[in-house]
Amino acid sequence: MNLQDTGSQCACGCQSGFDFTELDLFIEKVKDMQGNLIVILQQAQNIYGYLPREVIAYISKRTGNTQAKIYGVATFYTQFRLQPIGKNLIMLCQGTACHVSGSQEIEAAICDELHIADGDTTEDGLFTLNNVACLGCCSLAPVMMIQNASWEETYGNLTKEKVLDILNQIREKEAKEA
Ligand code: FES
């Protein structure tokens, strides 16, 4: 992640505080590709972790798409985030198989433990919870996937106890690495 939200001047000479060098190279590479806006937004999200206002303004300037159009695309697709996320992104499946297997109880357990609701990030920035549609492993329902910068893991056959155990293991790991 290359987030430099310092308010200082960036490498491209603008005053946003974001370094647009990597994004710029990518935009250059796909500039003639039809329907390139989605891949540009995907790449921007890979670089910055989410789609900050300044980055959307920059993409608008570079591609000629209005900011309204870019926000329209970014809010239409659930894959895009307009807010920064925590270090560990919990994607809790709320698809049909998971729903009938108790995903709502799992959600309640996560929310109680972390004091957040769907879409929120914990105060310490360690976790973000997102309810998502089917993760494609329904036989393991209920399922969640946790993603962070260096790993990604899918956890199935969840119970409240199992989820709390997983969250605690991640907290311990993070504390050791801090
Ligand atoms: S419904 Fe949850 S993985 Fe398919």
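Start at 1 and go down the list; that is how both ligands and their atoms are numbered. In this text, all values refer to a predicted model and were calculated from it rather than measured experimentally.
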> How many protein atoms of type N/O/S are positioned less than 2.8 Å from atom 4 (Fe) of ligand 1?
Replying inline: 2
> Sequence neighbours excluded, which residues qualify as side-chain hydrogen bond (donor to acceptor under 3.5 Å, both in side chains) partners of D165?
Replying inline: Q169
> Given T128, which of T121, D120, N88 fulfils the side-chain hydrogen bond (donor to acceptor under 3.5 Å, both in side chains) condition?
Replying inline: T121
> After noting the C-alpha distance and the side-chain angles of E28 and K31, does the key distance pass the salt bridge (Lys or Arg N to Asp or Glu O under 4.0 Å) rule?
Replying inline: CA-CA 5 Å; E28 193 55 33; K31 71 175 193 292; 2.9 Å; yes
Kindly list each side-chain donor-acceptor pair under 3.5 angstrom involving residues 89-96, sequence neighbours excluded, with atom names and distances?
{"residue": "Q94", "atom": "OE1", "partner": "S103", "partner atom": "OG", "Å": "2.6"}
{"residue": "Q94", "atom": "NE2", "partner": "E107", "partner atom": "OE1", "Å": "3.0"}
{"residue": "Q94", "atom": "NE2", "partner": "N131", "partner atom": "OD1", "Å": "3.0"}

>> Going by side-chain contact (heavy atoms from CB on, under 4.5 Å), name the residues that satisfy it together with T122, two or more places apart in sequence or in a different chain.
In response: L114, I116, D124, L126, F127
>> Using the ring centroid of each side chain, check whether Y58 and F18 are separated by less than 6.0 Å.
In response: no
